[in-house]
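The structure appears below as structure tokens.
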2 protein chains.
Amino acid sequence: MTQKTSASRRHVRQGSEFSLPYTTVDVVIFTVLDNALQVLLVQRPVGAGEPYPGCWALPGGFVDVAADATLEDCARRKLLEKTGVKSPYLEQLGSWGSATRDPRGWSATHVSFALISAQNGVLIRGANAAEVAWFEVDAVTQNRGLAFDHDDILEAAVERLRSKVEYTSLPAFLLPEPFTLPQLQRAYEIVLGRPVDKSGFRTRMLAAGFLKEAGYVAGESNRPALGYRLVDRHAPVVFPRTFSPRGGN
Amino acid sequence: MTQKTSASRRHVRQGSEFSLPYTTVDVVIFTVLDNALQVLLVQRPVGAGEPYPGCWALPGGFVDVAADATLEDCARRKLLEKTGVKSPYLEQLGSWGSATRDPRGWSATHVSFALISAQNGVLIRGANAAEVAWFEVDAVTQNRGLAFDHDDILEAAVERLRSKVEYTSLPAFLLPEPFTLPQLQRAYEIVLGRPVDKSGFRTRMLAAGFLKEAGYVAGESNRPALGYRLVDRHAPVVFPRTFSPRGGN
DNA sequence: GGAATAGTGTCTATTAGACAGTATAGA
DNA sequence: TCTATACTGTCTAATAGACACTATTCC
């Protein structure tokens with residue numbers, strides 16, 4: 001930790017001298033691409049005093065007190081800057097804060113995760129000259145080479161996503177509309193990492209009532225499939241049971 | 001907002017002038033007491049410049065960069081100060097951060113919720129001369145008179161608790177060990193606000209495997225009941241289905 | 001017609017929920 | 001013996017999972 005930086009953060013509050021932690025926001029952005037669950041990473045700058053120069057990291061950064069009215073605004077701003085996506089599914093994941101997670105001093109980050117479809121003109125690069133790219137989640141979590149504590153954060157995000165996919169309609173947010181039930185099923189299978197029975201899957205999805213028909217969609221296979229859109233693009237539906245094969249959770 | 005205070009937070013970082021948000025931690029502490037779900041509140045101080053003087057609020061406050069190594073340490077410290085409980089069940093709830101939630105300036109709070117049993121010498125008052133008391137959750141959420149945005153935070157905490165109680169063993173953390181299955185069932189019913197069938201309840205609890213027998217517990221009723229302790233006091237068990245009466249979610 | 005994928009029907013083991021019944025204590 | 005509570009047994013409707021079957025398109 002740089003003592004100089006830390007000292008410069010001292011200031012007066014309520015008559016005593018306090019040091020304020022840094023406040024940052026990070027976003028774990030998921031999509032399904034090339035039959036795999038992928039995460040968006042950005043390369044850290046290499047300027048003087050920059051921590052983890054050249055390392056890949058989750059997109060994020062300091063809260064801009066002047067520009068951001070709320071934490072969620074800040075997260076959506078960073079998401080828009082990196083992906084161009086305006087209103088994806090966004091859910092708070094948690095907080096990571098400690099004296100040692102950032103070499104510049106005590107910092108706390110507010111982490112959300114976002115689900116977007118890969119088709120929507122994603123990957124705006126060059127805005128601030130930062131490299132941006134999709135990475136397969138499994139490869140990244142294996143290597144554990146991300147900046148800061150982002151490996152831990154990504155691991156927590158993947159765990160949360162996988163567990164919620166067992167009993168919610170979350171994977172629908174990973175697809176561009178309209179999508180077909182076979183496409184949705186593939187999204188489930190990719191995130192869960194195991195096959196899902198077609199008949200039960202279709203029954204469950206249609207019974208949950210979160211899909212509305214949107215005409216037949218030709219292409220990609222022989223027989224056209226019925227397309228669907230989400231009734232509500234803001235919140236997933238919760239199923240009363242988890243997906244689980246006979247005889248055990 | 002006090003401009004003087006806000007100005008005093010400006011400082012140099014990376015060559016430009018930034019203003020740092022305040023970083024706070026709040027804890028929603030639940031227990032079951034007098035056949036009701038209750039939450040611990042503290043009364044705000046009335047000193048000069050104190051926001052919401054005399055108002056009831058969730059226990060919490062600024063992160064102490066010198067004393068707290070991590071956000072969780074900070075939450076556990078505040079919890080210990082108010083209740084004397086050393087290692088309760090503690091779960092991150094989320095973050096609330098905006099320019100306007102604290103009149104002193106941009107602030108972000110990291111909120112956890114804790115489940116404790118009311119019997120363990122709870123309610124240490126006078127340490128910092130702050131008033132501390134249990135309040136029935138339903139009454140507090142009706143009145144909506146808490147300081148800051150704590151009504152919103154409490155509402156979110158109750159919603160999270162109620163929804164997780166449908167499919168986890170969380171209410172077990174609200175009871176002192178050893179507890180009986182009828183006591184545990186009552187805890188479920190109090191949090192859920194509806195009766196639960198005894199037979200199905202017992203089957204589910206015992207099948208989940210998170211309880212170990214701890215001898216018969218006399219008292220409070222005619223026939224003594226078998227007491228149980230938790231196998232793991234750190235994490236709840238997740239059931240494969242929710243509690244739900246026939247024919248509806 | 002063949003291949004490939006979309007979509008449906010059917011059977012069965014499992015089980016949650018409902019509720020009646022039994023067991024064990026105190027008074 | 002009566003009452004209150006702890007605990008168990010039984011029945012049944014609902015359904016998830018498994019898998020076979022039909023339908024519709026392209027080639």
Side-chain angles (χ1 to χ4, degrees), chain A residues 35 165-169 172 175 178-190 192 194-209 211-229 237-249, chain B residues 35 165-169 172 175 178-190 192 194-209 211-229 237-249:
Chain A
N35 281 323
V165 165
E166 295 279 356
Y167 61 92
T168 68
S169 63
L175 299 174
F179 54 82
T180 68
L181 283 179
Q183 287 170 337
L184 184 58
Q185 184 179 347
R186 255 164 257 139
Y188 270 89
E189 292 173 335
I190 287 167
L192 291 176
R194 60 177 151 85
V196 169
D197 179 76
K198 180 172 47 169
S199 176
F201 179 82
R202 298 175 67 92
T203 306
R204 168 177 288 208
M205 293 301 134
L206 294 175
L211 298 172
K212 58 182 176 210
E213 298 187 3
Y216 278 89
V217 177
E220 84 169 60
S221 87
N222 291 326
R223 174 173 170 179
L226 193 48
Y228 293 89
R229 293 180 182 277
V237 161
V238 177
F239 308 132
R241 307 194 191 180
T242 59
F243 281 106
S244 45
R246 277 280 155 71
N249 181 7
Chain B
N35 282 323
V165 165
E166 295 278 357
Y167 60 94
T168 67
S169 64
L175 300 174
F179 52 82
T180 68
L181 283 179
Q183 287 171 336
L184 183 59
Q185 185 179 347
R186 256 164 257 140
Y188 270 89
E189 292 174 335
I190 287 167
L192 290 176
R194 61 177 152 85
V196 169
D197 180 77
K198 181 170 47 170
S199 175
F201 179 82
R202 299 175 65 93
T203 306
R204 167 177 287 208
M205 293 301 135
L206 294 175
L211 297 173
K212 57 182 178 214
E213 297 187 4
Y216 278 89
V217 178
E220 82 171 63
S221 87
N222 291 326
R223 175 173 170 180
L226 193 47
Y228 293 90
R229 292 179 182 277
V237 162
V238 177
F239 308 131
R241 306 194 192 178
T242 59
F243 281 104
S244 44
R246 274 280 155 72
N249 180 14

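Sequence lines set the chain letters: A, B, ... in the order given, protein chains first and strands last, and positions in each chain run from 1.
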Can we say A/Glu166 and A/Arg204 salt-bridge, meaning some charged N sits less than 4.0 Å from an Asp/Glu carboxylate O?
-> no

Using side-chain contact (heavy atoms from CB on, under 4.5 Å) as the criterion, list what pairs up with B/Ala172, not counting sequence neighbours.
-> B/Phe179, B/Leu184, B/Phe210, B/Leu230

Candidates C/dT15, D/dT15, D/dC7 - which lies nearest the side chain of B/Arg241 = C/dT15

Nucleotide N/O of nucleotides 25-27 of chain C paired with protein N/O under 3.5 Å:
none

Taking five pairs at each end of the helix from C/dG1-D/dC27 to C/dA27-D/dT1, what angle separates the two helix axes (nearest 10°)?
-> 0°

Report the distance from atom CE of B/Met205 to atom C1' of C/dG17, rounded to the nearest whole Å.
-> 14 Å

May I have the distance from A/Phe201 (atom CZ) to C/dT8 (atom P), rounded to whole angstrom?
-> 14 Å

Could you check how far OH of A/Tyr228 sits from P of C/dA6, rounded to whole Å?
-> 12 Å

Would you mind telling me which residue lines up with the more 5' stretch of DNA chain D, B/Gln183 or B/Gly200, judged by nearest nucleotide?
-> B/Gln183

Between atom CG in A/Leu226 and atom P in D/dT24, what is the gap in whole Å?
-> 13 Å

Separation between CZ of A/Arg186 and CG of A/Asn35, rounded to the nearest 0.5 Å | 8.0 Å

Qualifying residues under side-chain hydrogen bond (donor to acceptor under 3.5 Å, both in side chains), relative to B/Glu189, sequence neighbours excluded = B/Gln185

Starting at atom CZ of B/Arg186, determine the distance to atom P of D/dC7, rounded to an integer number of angstrom.
-> 11 Å

Quick one: is B/Arg202 getting a side-chain N or O under 4.0 Å of the D/dT5 phosphate, OP1 or OP2?
-> no

From NZ of A/Lys198 across to C1' of D/dG17 the rounded distance in Å is 15 Å

Any side-chain heavy-atom pair of B/Val238 and A/Thr242 under 4.5 Å = no

With sequence neighbours left out, what residues match B/Tyr188 under ring-ring contact (aromatic ring centres under 6.0 Å, His included)?
-> B/Phe201, B/Phe243

Can you name the side-chain hydrogen bond (donor to acceptor under 3.5 Å, both in side chains) partners of B/Arg241, sequence neighbours left out?
-> none

Atom-pair distance (CG on B/Leu184; P on D/dC7), nearest Å = 12 Å

Value in whole Å for how far the C1' atom of D/dT24 lies from CG of A/Leu181 | 16 Å

Partner residues of B/Arg202 under the side-chain hydrogen bond (donor to acceptor under 3.5 Å, both in side chains) criterion, sequence neighbours left out = none

Have a look at A/Thr180 and say if it touches a base, only the backbone sugar-phosphate, or nothing, with a 4.0 Å heavy-atom cut-off.
-> nothing

Comparing B/Thr203 with A/Tyr216, nearest DNA chain C nucleotide closer to 5' gives the residue A/Tyr216

Does a distance-only test, which skips hydrogens and angles, find a donor-acceptor pair under 3.5 Å between the side chain of B/Ser199 and the base of C/dG17?
-> no

Non-neighbouring partners of A/Arg229 that pass salt bridge (charged side-chain N to carboxylate O under 4.0 Å, His left out), sequence neighbours left out = A/Glu177

